[in-house]
Amino acid sequence: MTEAIFDSTRALNPAQLEAVQHIEGPLLIVAGPGSGKTRVITHRIAHLNQIGVYPSQIAAVTFTNRAAREMRNRLERLMGEKSKYLKAGTFHSFSAMILRRDGEAIGIPQDFVIMDDDDQLNLIKQSMEITQIDPKRFQPRAILSTISSSKSKLLGPEALSNAASGYFEEIVSRVYTEYQKLLMQNHGLDFDDLLSRTVELLKNSDEIRDKYQQRYQYLMVDEFQDTNTAQYQISREITKSHRNLAVVGDPDQSIYSWRNADITNILSFQKDYPETKIIHLSQNYRSTGNILEAAKNVIRPNQKRIDHELFTDNPDGELVFITEAYTEEEEATGALTEVQRLIEEEGFNLRDCVITYRVNAQSRALEEACIRYGIPYKLVGGVRFYQRKEIKDLLAYLRLLQDPYDEISLERIINVPSRAIGKRTFDELISWSRNLEIPPYTALQLINDQSSTLQMPFNNRQQKQLCEFITLLNNLKDLANELELAELIDAVMDQTGYKKNLLQSDEPDAEDRLDNIREIRGLATDFNGLVSKESLPSFIENATLVSEQDSLEENEQQYLTLITLHQIKGLEYPVVFMIGMEEGLIPHARSMDDPDQIEEERRLAYVGITRAQSRLYLLRSIRRRMYGMTSPAIGSRFLRDIPLQLIQTPRMARSSKAHAIKIENVVEMPRNEEIAYPFKAGDKVSHASFGEGIVVNCSERPGDFEITVAFVGNVGIKRLLNSYAKLVKSAANDGT
DNA sequence: GGTTTTCACGTTACG
DNA sequence: CGTGAAAACC
């Protein structure tokens, strides 16, 4: 029935071909790294189209805009113009579209604003003030993250306080209730609401659910291991009648559980769809045999794992390089000199290489070394474009012009640039308007009204400043009816004095900030031909929802990429350097006492390793500076899982003779079970002040061992660090 | 109301 | 050590 497969599918292997051609009903594709997953998805869509499904009837959901864009690009190559009709985007953009159209059915205002992280935190702080919860005892961030987690599990405030019902949950529940109220007042939806309220809408209204089911006959979800409960529910609702839901994922690459991704969705999927077809894509096309073998050995010890044997027909290639440096500076220079060698001697270029690490702080030493060596680099991450202060300020102005009742934006910019309306005046304004039961914007209009005889809590100076501000705002609002968006942005920058303020400031990055403003102005020219009033809503929604990772990859410039292990997921490079392969960094110290978190750290290491196509370098430092002080670090347990025969003696250039890198240390590092524990449970020991005791447990700590000893008498059980405790094995123990 | 000083704190980050 | 936010200062 499906003979009309276009040529390019011929090169697909049998599993891939099956995944492409299995059309009706639920489908679970477990796709290992480098298994051609994206290719399968795009071919599947093209194939659907070929057998008569319109692209507009297919929705493909990804987790990042980058992935969506890549998919669209590939599809355009595969099926040309028609690809434009495909709906490819994130769950969030999908949900925003649905709620914009049909959200009113469950009481969502059509002009809702999407609240980003900053706005959320702000509202949380306000909610804590209202509920009189001390931000010193309970960190606003921790509360926000618990609320966010509840929302992604579709739990309301009541459910939160009932379910786990600890004291903390009780507190959070109170803030949560208040926070939702504030969101409502501001016509705001946060990112979690976008998802959970879409679920609510689809569950509540059969009519609306039917509409979207009709509309999207086939739904594909990429990176399924990263879905949270709300996202999975959206997928289920939209495919409820036809059940044409195809999900693609790799449980071994699940590294976002801390962001509420729920790996058990994969299990739920198989339970919810007993008729599901499961296809494993096990052939790796990306990496050399040795690199894949190393990766498999690193991931294998995970207990909670569906074993899934990967293989490759690629040549074995070079062995994996494992190298240690003495300091992080040496680690950085070691990597960079090797990069230079690869370029000079082996024909790689800078863009082929990537340096990846666990925590952002590690990039500092690398950056400094790059500058010293004159190597151009690109630091991925940092403050994202739409999170930058100047961009957020501008957007706040624009949001205010679209909806002057937006209190959050008002607060943000009422004194930016500084116009002598401080916190005190603003608070006064808010409480005054609350008393009058009018929005702050209306209150401002009243202040400006000369004929008004109302009693106002402001002195002459305050009143004057507020009048000036509201006049400015009203002027700009009028301009929004006349000017195109790009011109409006110019007007905002000029009339508010923002630009002047930046130009006069002695901030070193003022010029960068202006560049960013220019960049966003450039984006606004897409809406030329429309009056701002018309284009503002979608421009603003785009800005919050589609924060593209600057204009990555597009150009031909040569630079070295510095990136965290989390952000590198989904990418591949011929040469990968993983630095800081140490206990405490990977696995991270914060993950040490939870086996589940250790498993996630392991997956993170696996993700890093599997990015490499032909060369893999694992680096560690013997001493590492952290929080200003240097301390010894021991090699990551994940290094020990790589069999010796896969490891190569490094020929990395040395920063100095005196600091020659010793491979022997790595090779001779204790392997899996061979950790040389100083004591074992049952050993009789004595301590200078605690006296005689028996060892209960002995476990590894970064650069040390922790020994739990039960001492005789009423000293009791103590947990001691081996290096300090100076425990002595009792004579009675010797020789037995 | 704006500026400087002190203090606490420190993982990862998609939309 | 470096940063961001609150507290103390002008």
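Lettering follows sequence order; numbering is per chain, from 1.
- Here A:His566 does not pack flat against the base of B:dT12, since the 5.5 angstrom centre distance and 30 degree tilt limits are not both met.
- Here A:Lys569 lies out of heavy-atom contact (under 4.0 Å) with every strand.
- Within 4.0 Å (heavy atoms only), A:Asp226 reaches no atom of the nucleic acid at all.
- OP1 or OP2 of B:dT12 has at least one side-chain nitrogen or oxygen of A:Asn360 nearer than 4.0 Å.
- Nucleic acid contact class of A:Gly628 (heavy atoms, under 4.0 Å, all strands): base.
- Note on A:Thr425: a side-chain N or O is less than 4.0 Å away from OP1 or OP2 of B:dG1.
- A cation-pi contact links A:Arg100 to A:Phe112, judged by a cut-off of 6.0 Å to the six-membered ring centre and 45° from its axis.
- Looking at heavy-atom distances under 4.0 Å, A:Asp116 makes no contact with the nucleic acid at all.
- A:Phe63 comes within contact range of the sugar-phosphate backbone alone, with a heavy-atom separation under 4.0 Å but no base atom that close.
- The base of B:dT11 does not come close enough to the side chain of A:Arg590 for any donor and acceptor atom to sit less than 3.5 Å apart.
- Residues A:Tyr256 and A:Phe63 keep their aromatic ring centres 6.0 Å or farther apart.
- Proximity of A:Asn65 to the phosphate of B:dC14: no side-chain N or O atom is located under 4.0 Å from OP1 or OP2.
- OP1 or OP2 of B:dA13 has at least one side-chain nitrogen or oxygen of A:Thr564 nearer than 4.0 Å.
- Contacts of A:Arg364 with the nucleic acid, taken as non-hydrogen atoms under 4.0 Å apart, involve only primed sugar atoms and P, OP1 or OP2.
- Residue-level contact check: A:Glu601 touches neither bases nor backbone, having no heavy atom under 4.0 Å from any strand.
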